[in-house]
Amino acid sequence: MENRLFIQLAHKLVAYPQVYDLVQNLVGVKQVQGHMQPFLAHLENQLVLDVGSGTGLYRSVLPAEVDYIGLDLDPMKLVGLQERVQDRLGILLADATRICLQDKCVDVALCVFLGHHLTDEQVKALMRELARVVNGHLLFVEPLNRPQSKVSNLLWFYDRGSHPRTLSTWQSFLKRDFDIEEQQVFSIYHEYLLCWCKPKQIA
Ligand SMILES: C[S@@+](CC[C@H](N)C(=O)[O-])C[C@H]1O[C@@H](n2cnc3c(N)ncnc32)[C@H](O)[C@@H]1O
């Protein structure tokens with residue numbers, strides 16, 4: 001009972017953009033950004049959609065001249081995003097499983113730490129929607145379920161996302177709609193999967 005109240009309190013606190021950013025910095029934002037950077041540093045004048053953008057912690061990995069749209073369901077996170085990113089910014093208060101954008105209108109999509117907030121059916125819808133709107137590539141990053149690590153278990157215990165999945169589960173979800181061109185698995189406290197993917201060509 002006490003544990004449950006503590007978790008609810010932790011979730012309420014993390015809903016505040018500043019607290020969310022602080023926690024993310026403690027669990028390794030800089031290292032994750034370092035892994036993403038080589039895929040994004042070369043983009044020029046392109047449109048990037050960040051689904052489940054939260055406060056836009058990963059905007060800074062993109063070159064200044066890209067146009068950036070942050071999409072999230074949580075208005076509080078989007079306020080944090082607006083405070084962080086003022087230039088070349090679009091904001092969508094929307095559900096990533098029903099993206100209100102036209103087919104193939106986005107050059108690159110980021111999907112970072114969103115998947116474990118979604119059920120299997122929602123993940124399937126997310127992948128379909130991303131493959132529909134993305135013309136170029138998807139950069140997908142997710143923490144993996146790693147039951148043998150005490151620190152990872154502790155982080156999952158407090159995480160608001162309640163759907164940790166294994167590497168092979170994520171690969172099969174991605175491969176329904178995308179070809180994975182490059183894949184990395186790296187460790188900070190959790191183990192993370194990073195995939196650079198292209199939507200499958202429909203014959
Ligand atoms: C762990 S945060 C990740 C935020 C950001 N990508 C980052 O790494 O800092 C997950 C985000 O996904 C958002 N989210 C959850 N379900 C969503 C959905 N169906 N559509 C859009 N955003 C969603 C939450 O509001 C939250 O901001």
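For the numbers below, each heavy atom of this structure counts, side chains included, while hydrogens, waters and symmetry mates do not.
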Visitor: So, do His163 and Leu118 sit near enough that their side-chain heavy atoms are less than 4.5 Å apart?
Guide: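 His163 does not reach Leu118 side chain to side chain.
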Visitor: Once rounded to the nearest 0.5 Å, what's the spacing between atom CD of Glu129 and atom NZ of Lys124?
Guide: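 That separation rounds to 15.5 Å.
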Visitor: Would you call Val123 and Arg165 a side-chain contact if the rule is heavy atoms closer than 4.5 Å?
Guide: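 Yes. Closest side-chain heavy atoms under 4.5 Å.
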Visitor: Which distance, rounded to the nearest 0.5 Å, do you find between the CG of Asn145 and the NE2 of His190?
Guide: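 Answer rounded to 0.5 Å: 9.0 Å.
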Visitor: Between Val61 and Val112, is there a shared hydrophobic cluster once you connect ILVMFWY residues whose side-chain heavy atoms come closer than 4.5 Å?
Guide: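 Yes, it is one cluster - the side chains of Val61 and Val112 are joined through contacts under 4.5 Å.
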Visitor: Between Ile99 and Leu130, does the side-chain contact (heavy atoms from CB on, under 4.5 Å) criterion hold? Intermediate values first, please.
Guide: CA-CA 8 Å; Ile99 302 176; Leu130 286 170; 4.1 Å; yes
Visitor: Show, in sequence, the C-alpha distance, side-chain angles and deciding distance for Phe39 and Glu181, and conclude whether the side-chain contact (heavy atoms from CB on, under 4.5 Å) test is met.
Guide: CA-CA 11 Å; Phe39 296 92; Glu181 291 187 352; over 6 Å; no
Visitor: Provide the closest heavy-atom pair for Tyr68 versus Gly56 in the form atom of the first, atom of the second, distance.
Guide: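 Closest heavy-atom pair between Tyr68 and Gly56: OH-CA, 3.6 Å.
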Visitor: Compare every heavy atom of Gln33 with every heavy atom of Ser60, then report the nearest pair and how far apart it is.
Guide: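 The answer is OG-NE2, 3.4 Å.
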Visitor: Drop me the distance from Thr166's OG1 to Leu144's CG, to the nearest 0.5 angstrom.
Guide: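 It is 7.5 Å, given to the nearest 0.5 Å.
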Visitor: Would Val108 end up clustered with Leu57 when hydrophobic side chains under 4.5 Å apart are linked, directly or stepwise?
Guide: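 They do share one cluster, since a chain of ILVMFWY contacts under 4.5 Å joins Val108 to Leu57.
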Visitor: Under 4.5 Å between any side-chain heavy atoms of Asn45 and Arg88, yes or no?
Guide: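 Touching, per the 4.5 Å side-chain cut-off.
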Visitor: Minimum heavy-atom separation for Asp50 to Ser53, with atom names?
Guide: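 Minimum heavy-atom contact is O-CB, 3.4 Å.
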Visitor: Quick check for you: to the nearest 0.5 Å, what is the distance between Leu110 atom CG and Leu49 atom CG?
Guide: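 Nearest 0.5 Å value for the CG-CG distance: 8.0 Å.
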Visitor: Report the relative orientation of the aromatic rings in Trp170 and Phe173; use parallel for angles under 30°, tilted for 30 to 60°, perpendicular for over 60°.
Guide: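 Geometry flag for Phe173 against Trp170: tilted rings.
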Visitor: Is a donor on one side and an acceptor on the other found under 3.5 Å between the side chain of Arg84 and the backbone of Thr55?
Guide: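 Side chain of Arg84 to backbone of Thr55: a pair is present.
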Visitor: Above 12 or not: heavy atoms from other molecules or residues under 6.0 Å from CD of Gln183?
Guide: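 Yes, because the 6.0 Å sphere around CD of Gln183 holds more than 12 heavy atoms from other groups.
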Visitor: Indicate if Val185 and Ile180 have the same hydrophobic cluster label, given that clusters are the connected sets of ILVMFWY residues with side-chain heavy-atom separations under 4.5 angstrom.
Guide: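 Same hydrophobic cluster.
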Visitor: Could you point out which residue of Asp72, Asp74, Leu78 forms a side-chain contact (heavy atoms from CB on, under 4.5 Å) with Met76?
Guide: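 The option that passes is Asp74.
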Visitor: According to a 4.5 Å side-chain heavy-atom criterion applied to Ile, Leu, Val, Met, Phe, Trp and Tyr, with indirect links allowed, do Leu40 and Val66 form part of one hydrophobic cluster?
Guide: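 Yes, one cluster joins them.
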Visitor: Look only at the side chain of Arg146 and the backbone of Tyr189, and say whether a donor-acceptor pair between them is shorter than 3.5 Å.
Guide: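 Yes.
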Visitor: If you compare all heavy atoms of Pro38 against all heavy atoms of Gly34, which two are closest, and at what distance to 0.1 Å?
Guide: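 Closest heavy-atom pair between Pro38 and Gly34: CD-O, 3.3 Å.
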Visitor: As an exercise, state the distance from CG of Leu62 to CG of Asp67, rounded to the nearest 0.5 Å.
Guide: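 Going from the CG atom of Leu62 to the CG atom of Asp67 covers 11.0 Å.
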Visitor: Determine the minimum heavy-atom distance between Ala131 and Pro199, stating which atoms define it.
Guide: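 Minimum heavy-atom contact is O-CB, 3.9 Å.
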Visitor: Check this for me, if you would: do Lys200 and Asp177 make a salt bridge, where the nitrogen-to-carboxylate-oxygen distance has to be below 4.0 angstrom?
Guide: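 Not counted as a salt bridge, because no side-chain N and carboxylate O are separated by less than 4.0 Å.
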Visitor: Is there a donor-acceptor contact under 3.5 Å from the side chain of Asn153 to the main chain of Pro147?
Guide: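 At least one qualifying donor-acceptor pair exists.
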Visitor: If Ile, Leu, Val, Met, Phe, Trp and Tyr residues are connected whenever their side-chain heavy atoms lie under 4.5 Å apart, and connections chain through other members, are Val106 and Leu89 in the same group?
Guide: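 No: no chain of side-chain contacts under 4.5 Å links Val106 to Leu89.
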Visitor: Could you walk me through whether Leu81 and Arg59 pass side-chain contact (heavy atoms from CB on, under 4.5 Å), step by step?
Guide: CA-CA 9 Å; Leu81 169 66; Arg59 170 63 181 93; 5.6 Å; no
Visitor: Heavy-atom distance under 4.5 Å between the side chains of Leu126 and Gln122, does that happen here?
Guide: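 Heavy-atom side-chain distance check fails, nothing below 4.5 Å.
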Visitor: So, does Glu142 use its side chain to make a donor-acceptor pair with the main chain of Gly115 at under 3.5 Å?
Guide: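 It does hold such a pair.
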Visitor: Are the side chains of Met36 and Leu194 in touch, meaning some heavy atoms are under 4.5 Å apart?
Guide: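 Met36 vs Leu194: side chains touch.
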Visitor: Is there a donor-acceptor pair under 3.5 Å between the side chain of Asp107 and the backbone N or O of Leu47?
Guide: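 Confirmed, Asp107 side chain pairs with Leu47 backbone.
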Visitor: For the residue pair Tyr58 and Phe113, does the interplanar ring angle fall in the parallel (under 30°), tilted (30 to 60°) or perpendicular (over 60°) class?
Guide: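 Ring orientation, 0 to 90° scale: perpendicular.
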Visitor: Apply side-chain contact (heavy atoms from CB on, under 4.5 Å) to the pair Leu101 and Leu92, showing each step before the final yes or no.
Guide: CA-CA 10 Å; Leu101 292 173; Leu92 286 175; 4.2 Å; yes
Visitor: Where is the tightest heavy-atom contact between Ala96 and Leu114, given as atom of each residue plus distance?
Guide: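 Minimum heavy-atom separation between Ala96 and Leu114: CB-CD2, 3.8 Å.
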Visitor: Keeping the roles fixed (side chain from Lys104, backbone from Val133), state whether a donor-acceptor pair exists under 3.5 Å.
Guide: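 Side chain of Lys104 to backbone of Val133: no pair is present.
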Visitor: From Arg132 CZ over to Gln102 CD, what is the distance, rounded to the nearest 0.5 angstrom?
Guide: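 If I round to the nearest 0.5 Å, the distance is 9.0 Å.
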